[in-house]
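Below you'll find the structure, written out as structure tokens, and then a few comments.
Quick note: residue numbers are just sequence positions, from 1.
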Amino acid sequence: MGVDRSSSAVVDPPAVHYDDEELPARSLSGRIGLGVSLVAFAVALLVLWQVFRPLARGSQFYLIIFLAGTLPLVFLAYRSRFGKGGRERPTPADWLLAALALIACLYPVNPFRGGYDGFLDRQGLLQPIDIIFGAALLILVVEACRRTTGLALPIVCLAFLAYGYYGGLLPQNWPIAHAGLDFAQIVDALYNSGSGFYGTPLDVAATYIVLFTIYGAVLDLSGASRFFVDLSVAAFRRSRSAAGRTAVAAGFLLGTVSGSGTATAVSVGAVTWPLLRRAGYPPEQAGGMLAAAGVGAILSPPTLGAAAFIVAEYLDVSYLTVLGWATIPTLLYYLGILLAVEIDVRRFRVRSIEVPATSAWRLLLRFGYHFSSLILIVVLLALDVSATRAVVYATLAAFLLSFLDPRCRMTPPRVFTALSAGVRGVLPVVAVCAAAGIITATTTKTGLGAQLASLLVSGAQAVTSNPTAVLALTVVLAAVALAILGLAVPVTASFIIGWVIIGPALLGLGVPAPAAAMFVFYYSVLSEVTPPTALAAVGASAITGGRTVPTMWQALKYALPAFLVPVAFVLTDSGSSLLARGSFVDILWTTVVAALAVLGLAVATGGWVPGIGAAGTPSRLLAAVAGLLLLYLEPLTIAIGVTALVAAAGWAFVRRRSAGSIPEDSAGLAEDGETPTERG
């Protein structure tokens, strides 16, 4: 887990991974590992140079060089077969693919064909040799995506390519029919335009995401990850809820560094699962908690998931603005988890545990400087410093502050490790973003996005003509579509596909762009805890030893408020206040109401009313109704929702009084039909 505070040895690679859109990478060592690290280090230097001295030929020229430096590494760092069955050392075929990737990426800037300017001049009129290299890069990008994420996204990309090529054969009275694109047009759109491989997704990966992965690697190697977990343990060591609170707090704090759901769940679980087991949590329950807390990392400022940077680019707003939109939903998300933790303390007869007697205040005084760079990012963004420069300055601050701890000083070997690990950590995102260019280019050339958005709205209008009902039904259909999409493809790709297809539908119904974008973003993220693929839950179950599918359902229970709160963004005008948009009074009252909704949902899923006791079926049903009504932020529904929530609490109170004076723990266990068992 991160850096051993008792040693100054360089850890390579760091224990914390910086994205969750990947299959296991090879553990390269020896000359091959050193060579890959040297190339990654060189790419990191290029990225840092681009921040302060952008290449004179423009951003697309930079993206060509960046992809040429990273795509070949994918074939060396990732196996051609799934899982851990492939060779650890690259095969001759891997070396050949890496060489072909380098040649295909650099072809647009080769001086023998007129150089970069000559390549751009041939846009729309590509020569046969241009098409050959473009087709080769297309195949290599799809294969790189397969190696890093699995088969689902490559299949989606191939489906979009088939639609672009064969769409002209569809009956022309079909809404999604188009004139058809020949192969040269497809390659031109992918290889020689700003909407294909070198479009916004790759631009975001090469400018924002890679800098944040480098920052995360520096923080990890400087001891920040270990400090955040230690602080969480120390802060709650005297509470009966200590184990659960520690896992949630550690997930949140580590999430501010990594922006990674599955990796955060695994990293936190490695440290906190022994505490949870000793406290009496069943493996599936603990795994669900860890998965939900880990996924919150993608929602937690200041380093949200990769898709958040794409939100900023698509809407042409600052990253600080996106952070502001994410703040209240993040607080509501963790409120739901903490309420579930407090309920589980009573339902599962959780015990107090002995933990090392470390003072949280002493830890803060000694190592609290690790928060400084996180705060610096927000301050610099508020001062209108670009996000790229802000994270570089924060990385420099973390580097300098590391010398306050002799055991974690960023010596030259550690700096080399951090920079190379940061670039290696972004390789899966590069593959996903380059592949996403296939989807965006095809959608742009064929107009598919607008057509599918129209079909989505038309389907809702076929059921009802009431504008409010049409919006509500469209939102439900969009949520289901995004949840299904997220089962197959990584978060970043899920957001891009969802935005080009579902985004226009919501915008067409009058939903503000920020609300629509964050709605798509949250449902893309939540695929990490959605059965049957729930990657965060799979990772957590591997740590706890629990059954995978029950762990997924427990994670879904913990994350339930996060599935419903985004709906509030788009259903009413007041929902935008949950994104910190509007007056202070509007933001305050909508946040309070949403918090009550989260409480109602926690009671419904957990079967316990805090401060009262077990909730029977009527109380749980009333609490569920209250939670749903309160999220529709209109006066009438709020009044009915509050009444239902009070009724749920009252029913539970009366039921407990009529049953006599029963200790809360026993009442809870009796309600759920459980008997105390020895756990630990």
**OP:** Provide the closest heavy-atom pair for W499 versus A516 in the form atom of the first, atom of the second, distance.
**Re:** CZ3-C, 3.8 Å

**OP:** For atom CH2 of W273, decide whether the heavy atoms of other residues, nucleotides or ligands shown that lie under 6.0 angstrom number more than 12.
**Re:** yes

Subject >> Least distance between heavy atoms, S619 atom then A648 atom >> reply: OG-O, 3.0 Å

**OP:** Would you please classify the geometry between the Y319 ring and the F309 ring as parallel, tilted or perpendicular, with 30° and 60° separating the classes?
**Re:** parallel

Subject >> Close side-chain approach of V609 and R656, heavy atoms under 4.5 Å >> reply: no

Original post:
Side-chain contact, heavy-atom cut-off 4.5 Å: Y632 with I640?
Top reply: no

**OP:** Mind listing the closest non-hydrogen atom pair of A626 and G641 along with its distance?
**Re:** CB-O, 3.2 Å

Subject >> Gap between atom CG of L578 and atom CG of L331 - 0.5 Å precision >> reply: 11.0 Å

Subject >> Separation of T474 OG1 from L509 CG (nearest 0.5 Å) >> reply: 5.0 Å

Original post:
For the side chain of Y281 and the backbone of G287, is there at least one donor-acceptor N/O pair under 3.5 Å apart?
Top reply: no

Original post:
Would F519 and V475 satisfy side-chain contact (heavy atoms from CB on, under 4.5 Å), going step by step from the backbone distance to the final call?
Top reply: CA-CA 9 Å; F519 174 86; V475 167; 3.8 Å; yes

Subject >> Euclidean distance, D586 CG relative to T591 OG1, rounded to 0.5 Å >> reply: 10.0 Å

**OP:** Give the ring-plane orientation class for F521 versus F495, where under 30° counts as parallel, over 60° as perpendicular and anything between as tilted.
**Re:** perpendicular

Original post:
Crowded around W589 CH2? As in, over 12 foreign heavy atoms under 6.0 Å?
Top reply: yes

**OP:** Look at atom CG of D573 and say whether more than 12 heavy atoms of other residues, nucleotides or ligands are closer to it than 6.0 Å.
**Re:** no

**OP:** Indicate yes or no: at least one non-hydrogen side-chain atom of L564 is less than 4.5 angstrom from one of L630.
**Re:** no

Subject >> Backbone N/O of A460 and side chain of T464: donor-acceptor pair under 3.5 Å >> reply: no

Original post:
Quick one: are L645 and L622 in side-chain contact, heavy atoms under 4.5 Å?
Top reply: no

**OP:** Work out which heavy atom in V570 is nearest to a heavy atom in A515; give both atom names and the distance.
**Re:** CG1-O, 3.7 Å

**OP:** Show your working on side-chain contact (heavy atoms from CB on, under 4.5 Å) between L315 and V311 and close with a plain yes or no.
**Re:** CA-CA 6 Å; L315 298 189; V311 171; 4.2 Å; yes

Original post:
At their closest point, which heavy atom of Y334 faces which heavy atom of A293, and how far apart are they?
Top reply: OH-O, 3.1 Å

Original post:
Given side chains that start at C-beta, do those of F371 and L231 come closer than 4.5 Å, heavy atoms only?
Top reply: yes

Original post:
How far does CD of E284 sit from OG1 of T544, to the nearest 0.5 angstrom?
Top reply: 6.5 Å

**OP:** Over all heavy atoms of both residues, which pair between A614 and A652 is shortest? Give the atoms and the distance, please.
**Re:** O-CB, 3.8 Å

Subject >> 4.5 Å side-chain heavy-atom contact, R581 and P512 >> reply: yes

Subject >> Trace of the side-chain contact (heavy atoms from CB on, under 4.5 Å) decision for L579 with F569 >> reply: CA-CA 8 Å; L579 301 176; F569 300 164; 3.8 Å; yes

**OP:** Please tell me if the side chains of L456 and P504 come closer than 4.5 Å, counting only heavy atoms from C-beta onward.
**Re:** no

Original post:
Is the shortest heavy-atom distance from the side chain of L631 to the side chain of V567 under 4.5 Å?
Top reply: no

**OP:** For atom CZ of F653, decide whether the heavy atoms of other residues, nucleotides or ligands shown that lie under 6.0 angstrom number more than 12.
**Re:** no

Original post:
How long is the span from the CD1 atom in I343 to the OG1 atom in T605, to the nearest 0.5 Å?
Top reply: 6.5 Å

**OP:** Any chance you could lay out the side-chain contact (heavy atoms from CB on, under 4.5 Å) test for Q285 and Y558, step after step, and finish with the verdict?
**Re:** CA-CA 10 Å; Q285 197 76 16; Y558 278 104; 3.4 Å; yes

Original post:
How many angstroms lie between OG1 in T330 and CG in L323, if you round to the nearest 0.5 Å?
Top reply: 9.5 Å

